[in-house]
Number of protein chains: 2
Amino acid sequence: MTTMTRVPASRQPETTPLWLKLSSYLVLSDDEKLYLSELEKTIVKQPPRSDLLQQGERYRDVRIIRDGWAIRHKALPDGRRQVVNFVLPGDIIGMYCTLFESADHSVTTLTQVEVASFPPERIGELFRSFPRLAAALAWSGAREEAMVAERLLSLGRRTALERTAHLIVELLRRLSVVNMAADGHFVLPVTQEILADALGLSIVHINRTLRRLRDSGLIELNGQRITVNDVRQLASVGQFDELYLHLIRAPRRLERTFSDNRSPRSGGRDEQAKA
Amino acid sequence: MTTMTRVPASRQPETTPLWLKLSSYLVLSDDEKLYLSELEKTIVKQPPRSDLLQQGERYRDVRIIRDGWAIRHKALPDGRRQVVNFVLPGDIIGMYCTLFESADHSVTTLTQVEVASFPPERIGELFRSFPRLAAALAWSGAREEAMVAERLLSLGRRTALERTAHLIVELLRRLSVVNMAADGHFVLPVTQEILADALGLSIVHINRTLRRLRDSGLIELNGQRITVNDVRQLASVGQFDELYLHLIRAPRRLERTFSDNRSPRSGGRDEQAKA
DNA sequence: CGAAAAGTTGATCTACATCAACGTGCGTGG
DNA sequence: CCACGCACGTTGATGTAGATCAACTTTTCG
């Protein structure tokens with residue numbers, strides 16, 4: 001199979017998508033890195049189109065996506081559906097599941113997916129023992145919310161063309177962080193129905209909108225591979241302002257807030273995030 | 001003028017909206033209550049239509065709304081605007097502000113507003129010393145995200161009538177928790193333009209939609225007072241399922257995760273909270 | 001190879017936007 | 001005190017982005 005997941009003893013302990021993502025935010029110490037890979041120890045594969053979580057059901061473990069795509073979506077009783085967000089490698093599902101009794105949304109895989117999972121109790125442990133790491137995970141969670149809010153802006157106030165362009169640029173940016181996009185092209189394992197449900201449009205209209213984008217030469221599509229020919233222009237069509245992705249490094253004040261200044265800190269390991 | 005909000009000097013030390021809200025989620029100890037009121041010590045009044053936060057600007061303090069309404073909104077460069085959520089008494093602004101460099105949204109008051117504020121560093125302190133309280137605040141934050149996701153479902157897949165009905169029921173539920181709604185009526189200090197921006201509709205269409213709701217007898221409007229005559233039916237029109245508000249009490253497993261089981265428990269309260 | 005799923009395109013419909021005009025309450029300044 | 005201005009609400013007429021319907025093609029996959 002395609003799993004060589006945990007490297008027994010290479011010198012790079014692990015370069016998981018989550019680690020990549022968090023590293024784009026702050027420099028993790030070796031201890032933190034070790035703990036993180038500890039959390040990602042229990043790994044499972046899930047087939048495409050299977051539920052990782054179902055609306056209304058009790059939350060189980062916290063999950064980290066290591067490979068593959070999924071969607072977070074909500075449904076109305078009559079079947080209408082809204083995709084809230086795309087779940088990509090490095091994303092976490094149910095980070096705050098301890099806080100809620102049951103899930104208000106479903107998570108369904110689009111491709112085969114490799115997930116790590118751990119019991120929610122470890123979140124508490126994490127906050128106590130690795131506050132900086134916890135802060136990084138909280139950053140990842142808060143970013144999620146920011147993305148949903150930005151999509152809300154899309155559905156409320158952007159046209160179909162703008163929304164679509166915006167989404168493509170967003171995906172490109174997110175995938176780049178975890179090394180899954182290069183030169184403006186990436187694999188988009190998504191039907192037009194799912195795009196429609198993500199953008200609040202009909203399938204037919206998504207189809208026509210993609211055609212417009214293709215005809216204008218901004219993007220190319222062959223199969224599931226999408227190529228963005230002119231990111232700048234596409235971003236401008238979608239009124240894309242990446243502020244909401246909060247891709248810049250952790251602010252200085254973070255250390256003050258989240259470092260564990262209670263216990264005597266281990267040796268010299270204190271490197272502030274390099275600006 | 002319509003403010004007699006806080007009770008001048010009852011024997012209850014303080015019953016702030018935030019306390020009310022958190023208490024609906026878990027039973028707070030006296031220590032926790034004390035610390036919370038400590039956090040709400042520094043209080044400021046803000047006039048209507050003033051910004052508590054501006055898109056793009058650096059985050060400042062964490063704020064707790066004690067009285068009045070505000071909106072969280074995002075704008076496109078050309079002026080189109082989306083209201084992401086309504087900020088009500090008991091809500092927190094910038095809970096995770098330490099994590100981000102700058103704000104991707106604005107917060108603007110609708111009425112005169114009374115806010116408490118404290119420096120973000122105290123969040124860390126809070127997590128270390130009062131993990132249950134921190135969990136309750138995290139719950140409040142996660143709920144926020146759930147509300148935004150639900151609104152996304154509205155904009156993507158509900159009709160104008162459904163959206164509007166849904167929003168009214170949501171506000172009713174949220175206000176009930178902080179004792180600001182009774183018998184299905186409450187004050188809605190909001191222009192139709194703001195409703196339009198919240199629901200992704202035009203002003204004209206909101207107006208007609210409200211008229212339909214009024215004509216059908218589901219709601220009554222006089223001035224800023226709105227009366228919901230038949231909550232059940234209105235909820236059914238809006239396909240309202242309150243699951244997403246996560247109004248039920250904290251699950252048992254929360255204690256396991258967030259109680260401070262590291263320090264010698266119960267013996268003497270280690271109150272190191274007073275910085 | 002055959003059937004189902006997904007994509008495509010044209011014709012038509014409609015929910016909502018836009019435009020326009022007017023009403024209504026209210027604060028301000030003369 | 002009035003009047004004028006302005007923000008807000010209301011309603012009708014008309015325009016349009018995107019939905020729906022329908023038919024067909026292409027791809028996927030067992």
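Every chain is numbered from 1 and lettered A, B, ... according to where its sequence line falls, protein lines coming before strand lines.
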Residue B:V204, side-chain atoms from C-beta onward, closest of C:dC16, D:dT11, D:dA19
D:dT11

B:Q192, nearest nucleotide to its side chain (from D:dC21, C:dT8, D:dT10):
D:dT10

Pairwise distance CZ(A:R163) to OG1(A:T209) - rounded to 0.5 angstrom:
9.0 Å

Salt bridge between B:E220 and B:R225, side-chain N to carboxylate O under 4.0 Å?
no

Got a salt bridge between A:R63 and A:E114, using NZ or NE/NH1/NH2 to carboxylate O under 4.0 Å?
no

All N/O pairs under 3.5 Å across the protein-nucleotides 14-16 of chain D interface:
none

Sugar-phosphate only, base, or nothing, as touched by [X] at under 4.0 Å among non-hydrogen atoms:
{"X": "B:G200", "answer": "sugar-phosphate"}
{"X": "A:T191", "answer": "sugar-phosphate"}
{"X": "A:L201", "answer": "sugar-phosphate"}

For A:D91, the option from A:R72, A:K21, A:R66, A:R143 that meets side-chain hydrogen bond (donor to acceptor under 3.5 Å, both in side chains):
A:K21

Would you kindly compare B:R211 and B:R49 by the position of their nearest DNA chain D nucleotide and give the one closer to the 5′ end?
B:R49

Is there a side-chain polar atom (N or O) of B:N207 under 4.0 Å from OP1 or OP2 of D:dG9?
no

Counting only side-chain nitrogens and oxygens, does A:R80 get under 4.0 Å of the OP1 or OP2 atom of D:dA19?
no

Should the ring pair B:F86 and B:W69 be called parallel, tilted or perpendicular, given that the plane angle runs from 0 to 90° and is split at 30 and 60?
perpendicular

Mind telling me whether A:H166 and A:F240 have parallel, tilted or perpendicular rings, with 30° and 60° as the class edges?
tilted

